Amino acid sequence: MEHITLYIETLLERCGVDHNSLFLLSHILLALVGILLSFGVGMLVSRVVVPMILKITSRTKVEWDDIVFNERVLKSLAHIIPAFIIWMFLPYVFYSMPIVKEVLERATAIYITIMIVATVITFINSLKQLSDEKRSTKIQYLHSFCGVLKIVMIFVAAIIVTSIIINKNPMVLFAGLGATSAILMLVFQDTIKGLVAGIRLTSNDMLHKGDWITVPKAGIDGNVEDMTLTTVKVRNFDNTIVTITPQTLVDESFQNWIGMQQSEGRRVKRKLYFDFNSIQILDKEMCDSICKARFFSSNKPVPGMVNLTVFRAAMEDFLRNHDLVNGDMLLMVRQLEPTNTGLPVEFYFFLKDKEWVNYEHNLAYIMEEIFANLHIFGLRIYQYNGAAPLQ
């Protein structure tokens with residue numbers, strides 16, 4: 001660089017520039033050389049090097065390099081290189097103007113610091129694209145770590161920029177932060193609590209992106225769209241967006257339906273209330289009528305049995321052999337505690353199709369089929385009409 005400065009001054013002297021103008025023109029030419037050089041290197045990096053790297057990463061079989069070395073990261077990195085060249089030129093361009101040199105060096109250093117932090121944050125944001133729709137525990141840890149790392153980078157950048165402005169060693173400022181740690185804890189208390197709660201959620205495998213959760217107190221019933229340090233964003237089934245803090249989920253109870261979604265069936269619990277007056281002993285005619293309905297594959301009813309007992313056994317046989325019901329999972333038709341509104345009988349079984357719309361239609365189809373065959377067993381559903389059950 002010193003050779004370039006000497007060459008320009010010699011060239012200007014040979015061109016007949018007087019000594020008074022030599023000082024100004026040499027600084028202008030040196031500044032132009034620095035600007036043109038930084039501009040040329042910036043164009044070379046952005047127009048040649050960046051497309052070359054993108055082309056190389058696009059041809060590899062792995063996907064992580066396309067995400068990590070994406071266009072935004074590379075272009076942000078390309079903005080730093082021209083600033084470094086200018087920063088290197090400043091001592092030689094303004095060698096006789098120390099005040100101007102110092103001001104420009106500080107401004108350039110601040111710009112370089114900000115751009116480095118911006119590049120790192122862009123890189124961190126690109127790491128989030130590694131997570132899939134059903135985010136695993138490891139990916140969720142990475143997601144939480146990225147949030148913390150961004151806060152740390154911004155904090156460190158603020159300290160470095162401040163130290164550049166006041167011309168102090170950054171380590172001196174870092175050493176003086178011990179006295180202000182209580183204030184920092186107060187300012188970032190939500191972030192710290194969110195980080196701890198997020199780690200508890202993921203380490204205990206309580207919540208992932210894409211899970212269907214229900215939080216009655218918060219009016220939440222939908223799928224988790226995003227999890228950050230301070231918020232969990234849920235899209236309800238009515239397409240409203242509800243945000244809740246991880247700390248709230250940890251402190252209070254919530255229902256996660258992932259177990260049901262991963263199981264072999266979705267549970268059905270339905271109760272029917274039977275009129276006590278319709279419970280009776282079967283005679284031969286009723287037994288023949290029930291046998292014709294073909295509810296039983298074996299152990300057919302005989303006269304003298306109670307119709308409700310036969311009904312429960314018939315319904316268990318019917319459900320276990322139904323195409324829509326998973327007969328390998330828990331299945332029973334049980335009698336519950338009698339009430340003043342009839343004798344409750346609960347149907348407990350699991351449907352194979354867990355998708356909501358299909359589940360509701362299949363459930364309705366099975367229960368309607370049961371309703372339609374109640375008369376075969378001589379049973380009646382209790383219906384309150386203000387005085388007595390309907391006859």
Side-chain angles (χ1 to χ4, degrees), residues 38-39 41-88 107-164 170-171 173-174 184 187-188 190-192 194-196 198-199 201-203 208-210 224-233 246:
S38 64
F39 178 78
V41 172
M43 291 295 292
L44 178 66
V45 172
S46 61
R47 297 292 179 87
V48 178
V49 178
V50 170
M52 186 183 300
I53 295 175
L54 292 175
K55 187 177 292 185
I56 293 173
T57 56
S58 64
R59 291 182 177 179
T60 57
K61 294 182 180 180
V62 295
E63 295 183 2
W64 63 265
D65 56 350
D66 297 326
I67 296 175
V68 174
F69 299 106
N70 60 70
E71 187 175 0
R72 292 184 61 188
V73 173
L74 295 176
K75 285 190 174 181
S76 181
L77 188 62
H79 292 155
I80 302 174
I81 298 176
F84 265 115
I85 294 175
I86 292 177
W87 185 70
M88 294 171 59
T108 308
I110 291 172
Y111 174 81
I112 292 173
T113 303
I114 293 173
M115 288 307 302
I116 290 175
V117 173
T119 302
V120 173
I121 291 176
T122 305
F123 174 76
I124 292 172
N125 289 332
S126 66
L127 292 178
K128 295 181 180 179
Q129 299 177 21
L130 293 171
S131 60
D132 52 9
E133 187 177 351
K134 298 290 184 180
R135 182 180 296 159
S136 65
T137 302
K138 292 182 179 179
I139 294 297
Q140 183 56 44
Y141 275 130
L142 176 64
H143 194 270
S144 300
F145 176 73
C146 288
V148 176
L149 190 58
K150 285 196 294 184
I151 294 174
V152 171
M153 289 300 302
I154 294 173
F155 178 72
V156 171
I159 296 296
I160 294 175
V161 169
T162 304
S163 66
I164 293 173
M171 299 308 298
L173 297 181
F174 281 114
L184 293 175
V187 172
F188 295 106
D190 291 337
T191 302
I192 295 171
L195 174 61
V196 175
I199 292 175
L201 287 174
T202 52
S203 61
H208 305 85
K209 181 181 177 182
V224 177
E225 283 203 336
D226 194 21
M227 294 175 62
T228 64
L229 291 177
T230 55
T231 58
V232 175
K233 188 194 313 185

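It should be emphasised that the depicted structure is a prediction, and the values quoted were computed from it without experimental measurement. Numbers here simply count residues along the sequence, with the first being 1.
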Heavy-atom donor-acceptor pair, Thr113 side chain to Ala109 backbone, under 3.5 Å | yes
For Lys209 and Glu225, the nearest pair of non-hydrogen atoms, with its separation, is CE-O, 3.1 Å
OG1 of Thr108 to CD1 of Ile164, rounded to nearest 0.5 Å, is 10.0 Å
In this structure, CD1 of Ile86 is separated from CD1 of Ile112 (nearest 0.5 Å) by 9.0 Å
CZ (Phe155) and CD1 (Ile160) are apart, to the nearest 0.5 Å, by 11.0 Å
Scanning both residues in full, the closest heavy-atom pair of Ala118 with Ser76 reads C-OG, 4.1 Å
Is the closest side-chain heavy-atom distance between Leu77 and Val50 below 4.5 Å? no
For this session: Starting from the C-alpha separation in whole Å, work towards a yes-or-no answer on side-chain contact (heavy atoms from CB on, under 4.5 Å) for Leu74 and Val49.
Result: CA-CA 9 Å; Leu74 295 176; Val49 178; over 6 Å; no
Smallest heavy-atom separation, Thr162 atom then Ala158 atom, equals OG1-O, 2.7 Å
Rounding to 0.5 Å, atoms CD1 (Ile124) and OG1 (Thr119) come to a distance of 11.0 Å
